[in-house]
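Step one of this worksheet: look at the structure below.
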Amino acid sequence: MSASVEKPHGLTDPERAAKILAAIPDHDLDTQRKMNYFLKPRGKRLSEYEILTVYSQPTPDWIAGGLDWGDWTQKFHGGRPSWGNELTELKSSDWHHHRDPGRRWHGPYVKDKSEDWRYTTRLLESFSADGGIRTLDPTWRDEILDKYYGALLYNEYALFNAHSSVLRDCLSDTIRLTAGFAALDKVDNAQMIQLQRSFIAKLVPGLDDSTHAPKQTWLTDPVYNGARTLVQEAWQGIQDFSEILWAVHNVYDPLFGVFARREFFQRIAPHFGDSLTPFFTAQAQTYFQVTRTAISDLFFESLANDHQFGDFNRTYLRAWTGKWLDGTIAALKDFVGLYAKIPPIAGVTDKEAVTEAVSRVISDWVADYADKIDYKVNQQNLVAAVISGLK
Amino acid sequence: MPISAATKAATDAHALHRAPASVSPQEVHKWMQSFNWEFSKNKTKYPTKYHMANDTKEQFKLIAKEYARMESAKDERQFGTLLDGMTRLGAGNRMHPKWGETMKVASNFLEVGEYNAIAASAMLWDSATAAEQKNGYLAQVMDEIRHTNQCAFVNHYYSKHYHDPAGHNDARRTRAIGPLWKGMKRVFADGFISGDAVECSINLQLVGEACFTNPLIVAITEWASANGDEITPTVFLSIETDELRHMANGYQTVVSIANDPAAQKYLNTDLNNAFWTQQKYFTPVLGMLFEYGSKFKVEPWVKTWNRWVYEDWGGIWIGRLGKYGVQSPPSLRDAKQDAYWAHHDLALIAYALWPTGFFRLALPDQEEMQWFEANYPGWYDHYGKIYEEWKALGCEDPKSGFIPFQWLLKNGHEVYVDRVSQVPFCPSLSKSAGSLRIHEYNGRKYSFSDDWGERMWLTEPERYECQSIFEQYDGRELSEIIAEGHGLRSDGKTLIGQPHVRGTDLWTLEDVRRAGVVCSDPLKRH
């Protein structure tokens, strides 16, 4: 057959199609039409997310919940296994138990983010056409947004990188997807901060969108000293995938991240004629809340409440909380020094208002995280420790 | 609010230019390389003997949201086609049954590769020092999640629409029973994630993706289409649109280590090992799936192999890397011999052990036997006569009590498992490269089938400790193994695996029990 002649295809060549159809039995050979039918669904029936995700990790049965048997067929140099129970201190009766309540697999996840991109672009176009840039206070824009909000890029970028070894090491498919989406959200946050800087630089002649100034701020300014120290440790200082996820998503980001995004930049920006930053911080907070539901299922529903190892795991989670809380409070204490760099706003930047803001974040954290593992904490002491950083 | 000079400039600019403005992904990406910073602990958790350069770039320049937009657009086309057009055409049950069975294996095994590639890409993301390179690996992490879900969707779709959902609906549980699984884990799972990070990259990106995804993901769509399957091309070609990015990542990995003296010392050995590792499984398995798992043939596997593996990859792709000191692997010449015969050897063993499959296998019919002989002269005398003898002994008939594995043992054709690749082989019937060799180590015996794998094991035996299926099943009766591995249909008695693709004469667990096959480890007889 010459190359120019179309090859006969099964369904388009009538003769071949007839042969194919004749070979198909006139009855079904099985009645079970649900993939992964042997899996116990989290809800009333198996979701598409569970069908497409659960048990795609081929772990043997000596890692709890695994369906395979035997050893790994190739190991690291020296004989360390591909995946093993020693990759985390936590224990589980079934590592495949975790479910993202958002039922996110790749398709729905990228659809959501794709929509975010479309409305982000539309907003930028509308903001620029509207001349929204004209009301932006120049000191806020050039001293705070450009340098300090810009420096937050590095915070998000480090937290993104903290997920690389989690995605290599974690022991199940649903955990891997949850961690993967959380990671992409973090680098997205970092990129959106830079995108906002580039956008402003486009609208204000003479402004530079180079990362030099925010990077210097991140590396040298005392405001980010504690944050930088902590995220470096979360990024490359520890190997246990559970501890990394716990430190980032259950201690540091709900406290430092939420305070910086929600209570500082989002709340203060409008006072300086800035309607742009709250859009991006709200987007980042949306990602935070979506991630929170998934991470909470992993740590509280699946690990802290594991019928066999729940108590054991709670002991570790409490110990890790103590370990990472000190650094987080130190990071917040440094960060509140930033209030001294902006003109006072009554009811927003005075000590009483900042104390309220810190209290809001800490009490949210206690309710959403600490209480769930019976971690006892004196909120007033934590608030006082942070507020002591006010200049 | 006071208007400063800079704000006045912005106001003036707006007065002159009132058109909407935005920021392109590339305008953000151009700053990504500066997102990194140095700190004392900033060292990878996955050591490599190579040094990856700090200034390595990536080619695709994606940011997270643009990545999502691009993939979402592809998803809309793909899932729209499947869930609307294909479903209304009834395309989920219009492929030849032989091919419908092949996709139980092909899609699920590819899913495993994609899944492990998530972890592999993440390891490289951790190992890379350049922020752009990390970003490139991140995009691959996300792609591999996409592909995992897509491969699952093929089995999910088949489960809903194909006349024999068994196997499609539980592949993740039943795949571990048979002789093809452990070898698949070596190439598609452990080979990607367990070892020096760059060595894993060479396995995944430089060989797995740049070499074997072409036949596995592209050529397979031709075979699928020829056999009436329009589901697989719809999904697999969408997967392939991402693969170029991964090959580019592999290329950039080599670029990033090119100036490292270690690269000159180790790279070609790692590449040779990676190539042999991947080809040892894929060459026979892909050839078997295409030629024995189809009714209508596209072209002899050896031709596909020569085009994609030998010429495109071994010649052109590796040639492009020549300026970095990369050479075509010396094992390529042995692989070329495997490309001719290895899949016929493996097909014989797979059919002999059909009850352990999560798919139905069929003997070649007369027309197919003529095709095999025409394209592989000598095939009939060596393989065809055996298939005819098995058929005459009633291998398809559940009342016969005959399972071809018994014939192999009775006629002295022992089946061994190569320790390193985990691929089964039968030395007395094999026409492919290699031969049996046995080593004793720490009081245990190990079998090997070729020089390259044997050399890997002699260097690092601790990396290849996994038991073979015959060690695992030693002394156990076959129906017990199948029942324990959930190899039964929803009626609880009929096997998922069958020795034909008809709708009648299905074997039950009782039929297998009656045959009385007991597995044993051939190494015990040495």
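If you're wondering where the values come from, they're calculated on a predicted model, not measured in any experiment. By convention in this document, chain letters (A, B, ...) are assigned in the order of the sequence lines, proteins followed by strands, and residues within each chain are numbered from 1.
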Intermediate values then yes/no, salt bridge (Lys or Arg N to Asp or Glu O under 4.0 Å), B:Lys65 and A:Asp188:
CA-CA 7 Å; B:Lys65 281 192 168 69; A:Asp188 188 13; 2.8 Å; yes
Contact part of [X] toward chain A, heavy-atom cut-off under 4.5 Å: side chain, backbone, both or neither?
X        : answer
B:His168 : backbone
B:Glu66  : both
B:Ile469 : both
B:Tyr46  : side chain
B:Leu138 : side chain
B:Arg94  : both
B:Lys45  : both
B:His161 : backbone
B:Trp181 : side chain
B:Asp229 : neither
B:Met70  : neither
B:Lys43  : backbone

Apply ring-ring contact (aromatic ring centres under 6.0 Å, His included) to residues A:Phe160 and B:Trp125 and explain how you reach the verdict.
CA-CA 11 Å; A:Phe160 149 69; B:Trp125 156 19; 4.7 Å; yes
Can you name the closest pair of heavy atoms from [X] and [Y] and give their distance?
X        : Y        : answer
B:Ala226 : A:Ile20  : O-CD1, 4.4 Å
A:Ala129 : B:His14  : O-NE2, 3.0 Å
A:Trp117 : B:Arg69  : CD1-CB, 3.8 Å
A:Glu50  : B:Arg172 : O-NH1, 4.4 Å
A:Tyr55  : B:Arg175 : O-NH2, 3.5 Å
A:Ser198 : B:Glu27  : OG-O, 4.1 Å

Between [X] and chain B, with a heavy-atom cut-off of 4.5 Å, which part of the residue counts as in contact: side chain, backbone, both or neither?
X        : answer
A:Lys111 : both
A:Leu203 : both
A:Val54  : backbone
A:Ala17  : neither
A:Gln196 : neither
A:Ile238 : backbone
A:Leu219 : side chain
A:Ile24  : both
A:Asp209 : both
A:Tyr157 : side chain
A:Thr120 : side chain
A:His212 : neither
A:Ala22  : neither
A:Lys215 : side chain

Are more than 12 heavy atoms, taken from residues, nucleotides or ligands other than B:Lys49, located less than 6.0 Å from that residue's NZ atom?
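Yes.
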Please report the C-alpha distance between A:Thr73 and B:Asp190 in whole Å, then the side-chain angles of each, then the deciding distance to 0.1 Å, and finally whether the side chain to side chain donor-acceptor pair (under 3.5 Å) criterion is met.
CA-CA 6 Å; A:Thr73 56; B:Asp190 303 337; 2.6 Å; yes
Mutual orientation of the aromatic rings belonging to A:Trp105 and B:Phe79 [parallel < 30°, tilted 30-60°, perpendicular > 60°]:
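Perpendicular: the ring planes of A:Trp105 and B:Phe79 meet at over 60°.
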Against the six-membered ring of A:Trp69, is B:Lys182 placed for a cation-pi contact (under 6.0 Å from the centre, within 45° of the normal)?
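Positive - B:Lys182 is close enough to the ring of A:Trp69 and near enough to its axis.
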So is B:Arg463 actually on top of A:Phe76's ring, under 6.0 Å and inside 45° of the axis?
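No - B:Arg463 does not lie over the ring of A:Phe76 by the 6.0 Å and 45° rule.
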Apply side chain to side chain donor-acceptor pair (under 3.5 Å) to B:Glu71 and A:His106, showing your working.
CA-CA 9 Å; B:Glu71 298 299 341; A:His106 189 276; 5.6 Å; no
Enter the distance from B:Thr174:OG1 to A:Leu67:CG here, rounded to the nearest 0.5 Å.
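With rounding to 0.5 Å, OG1 (B:Thr174) is 10.0 Å from CG (A:Leu67).
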Partner set under side-chain hydrogen bond (donor to acceptor under 3.5 Å, both in side chains) for A:Asp173, not counting sequence neighbours
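Expected list: A:His96.
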For the candidates [options], which exhibits the highest count of non-hydrogen atom pairs separated by less than 4.5 Å from chain A?
options                                : result
B:Asp491, B:Asp75, B:Ile63, B:Asn42    : B:Ile63
B:Asn116, B:Val501, B:Thr504, B:Val141 : B:Asn116
B:Ala224, B:Gly191, B:Ala139           : B:Gly191
B:Ile177, B:Asn155, B:Val23            : B:Val23

Determine whether a donor-acceptor pair (N or O, by modelled atom type, separation under 3.5 Å) exists between the side chain of [X] and the backbone of [Y].
X        : Y        : answer
A:Arg168 : B:Ala119 : no
B:Glu460 : A:Gly78  : no
B:Lys134 : A:Ser164 : no
A:Gln74  : B:Ser194 : yes
B:Asp164 : A:Asp28  : no
B:His163 : A:Asp26  : no

Counting heavy-atom pairs closer than 4.5 Å to chain B, which one of A:Val187, A:Leu124, A:Asn161, A:Asp30 comes out on top?
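Of the options given, most contacts go to A:Asp30.
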Test item: side-chain donor near acceptor, B:Tyr115 and A:Gln57, under 3.5 Å:
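Looking only at side-chain atoms, A:Gln57 and B:Tyr115 do form a donor-acceptor pair, the distance falling under 3.5 Å.
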Distance-only side-chain donor-acceptor flag, B:Trp37 / A:Gln232, under 3.5 Å
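A pair is found: one side chain offers a donor N or O, the other an acceptor, under 3.5 Å apart.
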For A:Lys75 and B:Glu462: C-alpha separation, side-chain torsions, deciding distance, then whether salt bridge (Lys or Arg N to Asp or Glu O under 4.0 Å) applies.
CA-CA 8 Å; A:Lys75 300 179 183 180; B:Glu462 69 280 4; over 6 Å; no
